[in-house]
Student: 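There's a structure below that I have some questions on.
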Protein chains: 2
Amino acid sequence: MSASARPQRIRSRLSPDERISKILATTRIMLSEKGYEHLFTAEIAERCGISEATIFKYFQTKRELLTRVVEQWFEELNTEKTAPAKQSVRQQLKQLIWENFATIRREPALSRFVLMELRADPAYKSMYIYQLNRQYNSRILRLLKEAIASGKFRGDVPVRLLMNIIYGAMEHETWAFLRGEGNFDAEAAANGIAEVIYRGMLKPSASAKRKQPVSDNAASAAADKEMPAASSRKPRTVNRTAATPAKRKKSA
Amino acid sequence: MSASARPQRIRSRLSPDERISKILATTRIMLSEKGYEHLFTAEIAERCGISEATIFKYFQTKRELLTRVVEQWFEELNTEKTAPAKQSVRQQLKQLIWENFATIRREPALSRFVLMELRADPAYKSMYIYQLNRQYNSRILRLLKEAIASGKFRGDVPVRLLMNIIYGAMEHETWAFLRGEGNFDAEAAANGIAEVIYRGMLKPSASAKRKQPVSDNAASAAADKEMPAASSRKPRTVNRTAATPAKRKKSA
DNA sequence: GACAGTTAATAAGTTAAACTCACTTATGAA
DNA sequence: TTCATAAGTGAGTTTAACTTATTAACTGTC
């Protein structure tokens, strides 16, 4: 076999931007497939059809590469705005929580990486991903602030605490799923969380409208209209990526 | 200097139990000092005055060693029971949450390890630490169940969800601290979480006792009486330690 | 269409830290 | 005193992230 056997190095030689895109895209797919702890730079390189050294030409560390992947993901998420749909606060809250669950379900590996690795990073708050995360959370934040400002919600609980309750609850509802223990009921969970928060925050005076029907199924399906503008707050002076390398990185 | 210079190998040669105890104790101290990502088996060995190989004689992996450390910690925590103090549900809830915060503050590094590493382990639910964690949580769980059973709390929200809300909230309130960004206000956070949960769960009918004074400071200081027995549920068929090695562990 | 300068890409390393194994030696029982 | 047992270790191996010296693909110039 092999008539004209020339090993012929058909090296592709892309522009940095193209190469970086390709590495990021491949990494994202592989991260979803294998999960963080089973993802190796050597394999990423192989799948990209390049050498490992090339990856490290464009990314200082493996961690930086993964962080960039997650940043891209969040940028996507922050683009696809959903409808603010004139609903009750109660329904909006549930809807936003449900959407958050949907995001986690769509990308378990990426979510896991954020929760496990990035959030615990000592430099987290100075990372770009922190800003992106804030932006992602801003819809719920705005809803809560408005509900308080308008007098529907009580003013004696800090919004920050409310956010922590809501996001903490979502994460906890989600851990078994992220561990690979099967699906979770986003509908029920979103409803439950929204319910407790809503009832816990409703102003006593506002309970003229007594005994609302607590059930509220359906209303899932993520809508996709535009939102005014409002949330185009730019990251302040934040390192794009660049956090603690934490691992190795000798001779810095 | 050095009159009778004899290198003299004063090898200690302890019994397995003693050696294991010493390694565990040393590891716990070092984990608190350095944190998980900067803790190396070589250093642990050095501080124990033994060779690295000895550590691996008694612990299959570094992860197993750390897991054992955390198990011991939880066993301690589950022993030091605090007073059930006949207080209102609202006050008990706050108190228990506050105690949980106090535990995290006392051992940030151990807490971080549990939250970051163990909880995300695919085998988490079959690990001994999962049982210990359940036992640790059982006080809040019991409180909630009783509040529901007695009719004080509504019955339309699953206790599991309530637990997730409470523990999720605590974790989120705690992350900045665990990242090393300074202290947190356990008093305020415990009060806020208890407040939202309590109001969110209170049965409408029970609001005859209208407008309770919401403030409720002090009441911190962990008491330390005994509790009946009640929570001596044995771990079912659960591996002591033994989870996914996840890293290395070749030629298994 | 040869030449040179630039820079994408890589082969062949190095390093760190978890883990292994063949061997050594303290100890206690006979 | 001897010897079996098992605690302990020195000197590895392995793996996967990261480095560096070098090669060669492309670009513009004449």
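Residue numbering restarts at 1 for every chain, and letters A, B, ... go by the order of the sequence lines. In what follows, every heavy atom counts, from backbone to side chain, and hydrogens, waters and symmetry copies are set aside. Not measured: the values here are computed from a predicted model.
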Student: Would you kindly give the CG-to-C1' distance between B:L39 and C:dC19, to the nearest whole Å?
Tutor: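 So the two atoms are 15 Å apart, to the nearest Å.
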Student: Rounded to whole Å, how long is the line connecting atom CZ of A:R13 with atom P of C:dT6?
Tutor: 13 Å
Student: Which whole-number value in Å describes the distance from A:L66 CG to D:dC18 C1'?
Tutor: 15 Å
Student: Going through the distances and angles, do A:T41 and A:F56 end up as a side-chain contact (heavy atoms from CB on, under 4.5 Å)?
Tutor: CA-CA 9 Å; A:T41 50; A:F56 287 99; 3.8 Å; yes
Student: Tell me the interatomic distance from B:R63, atom CZ, to C:dC19, atom C1', rounded to whole angstroms.
Tutor: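 In whole Å, C:dC19 C1' and B:R63 CZ are 16 Å from each other.
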Student: Taking the minimum atom-to-atom distance to the side chain of A:F56, which one of D:dC18, C:dA9, C:dT25 wins?
Tutor: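 Closest nucleotide among those given: D:dC18.
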Student: Apply side-chain hydrogen bond (donor to acceptor under 3.5 Å, both in side chains) to the pair B:E18 and B:S21, showing each step before the final yes or no.
Tutor: CA-CA 5 Å; B:E18 288 172 314; B:S21 294; over 6 Å; no
Student: With a 4.0 Å cutoff (strictly under), does any side-chain N or O of A:T41 reach OP1 or OP2 of D:dA17?
Tutor: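 Yes, because at least one side-chain N or O of A:T41 sits under 4.0 Å from OP1 or OP2 of D:dA17.
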Student: Looking at A:E37, A:E171, A:E107, which one forms a salt bridge (Lys or Arg N to Asp or Glu O under 4.0 Å) with A:R112?
Tutor: A:E37
Student: Let me know the distance between CD1 of A:I23 and P of C:dA8, rounded to the nearest Å.
Tutor: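 So the CD1-P distance, A:I23 to C:dA8, works out to 12 Å.
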Student: Does the pair B:E76 and B:R28 meet the rule for a salt bridge (Lys or Arg N to Asp or Glu O under 4.0 Å), with working shown?
Tutor: CA-CA 13 Å; B:E76 282 169 33; B:R28 176 161 172 183; 2.8 Å; yes
Student: Please confirm whether the shortest side-chain N or O distance from B:K62 to OP1 or OP2 of C:dA18 is below 4.0 Å.
Tutor: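 Checking C:dA18 against B:K62, a side-chain N or O does come within under 4.0 Å of OP1 or OP2.
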Student: For B:L14 and C:dT27, give me the distance from atom CG to atom P, rounded to whole Å.
Tutor: 10 Å
Student: Using a strict 4.0 Å threshold on nitrogen-to-oxygen distance, state whether A:R47 and A:E33 make a salt bridge.
Tutor: yes
Student: Which is it for B:D121 and B:E117 under the side-chain contact (heavy atoms from CB on, under 4.5 Å) test, yes or no, and what are the steps along the way?
Tutor: CA-CA 7 Å; B:D121 193 310; B:E117 295 292 323; over 6 Å; no
Student: Residues of residues 44-55 of chain A with any non-hydrogen atom less than 4.0 angstrom from an atom of DNA chain D: list those, numerically ordered, please.
Tutor: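 Going residue by residue through residues 44-55 of chain A, the ones with a heavy atom under 4.0 Å of DNA chain D turn out to be A:E52, A:A53.
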Student: Is the distance between the ring centroids of B:F74 and B:Y128 less than 6.0 Å?
Tutor: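 No, ring centres 6.0 Å or more apart.
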Student: Over how many whole Å does the gap from A:K57 atom NZ to D:dA25 atom C1' extend?
Tutor: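 It is 12 Å, rounded to the nearest whole Å.
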Student: Which part of the nucleic acid does B:F59 contact within heavy-atom distance under 4.0 Å: base, sugar-phosphate only, or nothing?
Tutor: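 If one applies the 4.0 Å heavy-atom cut-off, B:F59 turns out to touch nothing in the nucleic acid.
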Student: Mind calculating the distance between CG (B:L65) and C1' (C:dA17) to the nearest angstrom?
Tutor: 15 Å
Student: So that I can tick it off, tell me whether A:E187 and A:R105 are bridged by a salt bridge, with the cut-off set at under 4.0 angstrom between side-chain N and carboxylate O.
Tutor: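 Not counted as a salt bridge, because no side-chain N and carboxylate O are separated by less than 4.0 Å.
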Student: Heavy-atom count check: over 12 atoms from other residues, nucleotides or ligands less than 6.0 Å from B:E181 CD?
Tutor: yes
Student: Which residues in residues 15-22 of chain A have at least one heavy atom lying under 4.0 Å from any atom of DNA chain C?
Tutor: A:P16, A:R19
Student: Base, sugar-phosphate, or nothing: which does A:F40 touch, judged by heavy atoms less than 4.0 Å apart?
Tutor: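 Sugar-phosphate: the residue A:F40, judged by heavy atoms under 4.0 Å, touches backbone atoms but no base.
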